[in-house]
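Everything below concerns the one structure shown next.
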Protein chains: 2
Amino acid sequence: MHGRGPWWQERFNQHCVRVTAAREVVINVLHETAEHLSATEIYMKAHAISPEIGLTTIYRTLELLEQMRIVQKFDFGDGQARFELLNNPGGKGHHHHLICVKCKKIIDYKDFINEEINCLGKTQEFLSEKYNFQINDHIVSFYGLCEECRGKKS
Amino acid sequence: MHGRGPWWQERFNQHCVRVTAAREVVINVLHETAEHLSATEIYMKAHAISPEIGLTTIYRTLELLEQMRIVQKFDFGDGQARFELLNNPGGKGHHHHLICVKCKKIIDYKDFINEEINCLGKTQEFLSEKYNFQINDHIVSFYGLCEECRGKKS
DNA sequence: TATAATAATGAAAACCATTTTCATTTAAAG
DNA sequence: CTTTAAATGAAAATGGTTTTCATTATTATA
Ligand SMILES: [Mn+2]
Ligand SMILES: [Mn+2]
Ligand SMILES: [Zn+2]
Ligand SMILES: [Zn+2]
């Protein structure tokens, strides 16, 4: 529309952070998946594109992108952090999660999302005033058992 | 009121799990704190009461209590799981969290909690129908910067 | 353009919360 | 009492993540 460069360009500028090949690859990998990738999974996909990228850089890039609020980090209870792009044009958009505590299946949902956001927005405003917080984000997750896992005994 | 034994006795019976000294100590430690303790912190407090209890047992007990839905496990982003009693009589009751991403300060809040629960209850019912999930739990967390951390530069 | 200062990177090592192994103890069942 | 299964602790292993450090790439400056 107005500025040049991709949607995240401006964030990089604001944070005085350089646009490097590795960082672009990480963003692109996240763009091209609908899943919730772990650092290692991102590394493998990035490595397939640019084999010189190391796992350390993936971790460093993800932390940077999280601080710039380009990605959101999640803990779904399977022992490793998982990542999703945040507010990327053409992306999933803001959504919440439904997680099976046994098989760790993750479902993105947007049902009633407007009501939820509306309700949370009121709370957010109240809390930021009451506790003097600058609130940037929220997470809503439901935990339970999926159909398959409900059947199993153990 | 009617049954004998503490509030969690029935859960132990249902799950065919033995009531042991170590398990009682863990529950008591969680009862006596308003904080969100990590496994190691629980271990230290338990160890002060019963020095024979090992850290391994703390981990095993916490996983068991989580499965019995006596405790709830949280990831507040500081690299270790933290635990809170769930629905214990005389406890905090159901609440949500406000977390400082920098200093990891955690604030329990119950403001607008009824509206939130009400809104989430509708979503939960819809999702459990749509995806055939047995939903047992939910987490709502706001993330941001507390007053002190907002001032700092880095 | 040459030079200096700074940021970014990869490989290897370190870190550390959590899990696994295994021998031992404890408690329920018959 | 005997048998069987559950619970436990110490030590070792695991594995995701972070740190270290030498090297390279980028930007600022002269
Ligand atoms: Mn998602
Ligand atoms: Mn709490
Ligand atoms: Zn499942
Ligand atoms: Zn803070």
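In what follows, every chain begins at residue 1, and chains take the letters A, B, ... in the order their sequences are listed. Keep in mind that what you see is a predicted model, and the values were worked out from it rather than measured.
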Assess the side chains of A/His96 and A/Asp108: does a donor N or O sit below 3.5 Å from an acceptor N or O? no
Rounded to whole angstroms, how far apart are CD on B/Glu52 and C1' on D/dA7? 13 Å
To the nearest angstrom, the CD-P distance between A/Glu24 and C/dA8 comes to 14 Å
Once you round it to whole Å, what is the distance between C1' of C/dA17 and CZ of B/Phe83? 11 Å
Let me know the distance between CD of A/Glu41 and C1' of D/dT17, rounded to the nearest Å. 15 Å
Under 4.0 Å between a side-chain nitrogen and a carboxylate oxygen: does that hold for A/Asp137 and A/Arg69? yes
Comparing nearest nucleotides in DNA chain D, the 5'-proximal residue of the pair B/Arg23, B/Thr56 is B/Arg23
In this structure, how many angstroms lie between the P atom of D/dA7 and the CZ atom of B/Phe12, rounded? 10 Å
Taking only side-chain N and O atoms of A/Tyr59, does any of them lie within less than 4.0 angstrom of OP1 or OP2 on D/dT18? no
Within residues 64-80 of chain B, find the residues that approach DNA chain C with a heavy atom at under 4.0 Å, and present them sorted by residue number. B/Gly79, B/Gln80
Using modelled atom types and a 3.5 Å cut-off, is there a donor and acceptor pairing between side-chain atoms of A/Lys73 and backbone atoms of A/Arg82? no
With A/His97, the ring pair (Phe, Tyr, Trp, His ring centres under 6.0 Å) member among A/Tyr109, A/Tyr143, A/Phe74: A/Phe74
Salt-bridge test for A/Glu148 and A/Lys102: reply yes if a basic N is under 4.0 Å from a carboxylate O, no otherwise. no
Okay, side chain of A/Thr123, backbone of A/Cys119: is any donor-acceptor separation there less than 3.5 Å? yes
May I have the distance from A/Leu55 (atom CG) to D/dT18 (atom P), rounded to whole angstrom? 10 Å
Residue met sooner reading DNA chain C from 5', once B/Thr20 and B/Glu63 are mapped to nucleotides: B/Glu63
May I ask whether A/Phe142 and B/Leu86 are part of the same hydrophobic cluster, defined by side-chain heavy atoms of I, L, V, M, F, W, Y residues being less than 4.5 angstrom apart, directly or through others? no
Rounding to a whole Å, what distance do you find between B/Ile53:CD1 and C/dT26:P? 14 Å
With nearest nucleotides of DNA chain C determined for A/Ala22 and B/Arg18 from heavy-atom distances, which residue corresponds to the more 5′ nucleotide? A/Ala22
Find the distance A/Arg60:CZ to C/dA11:P and express it as a whole number of Å. 11 Å
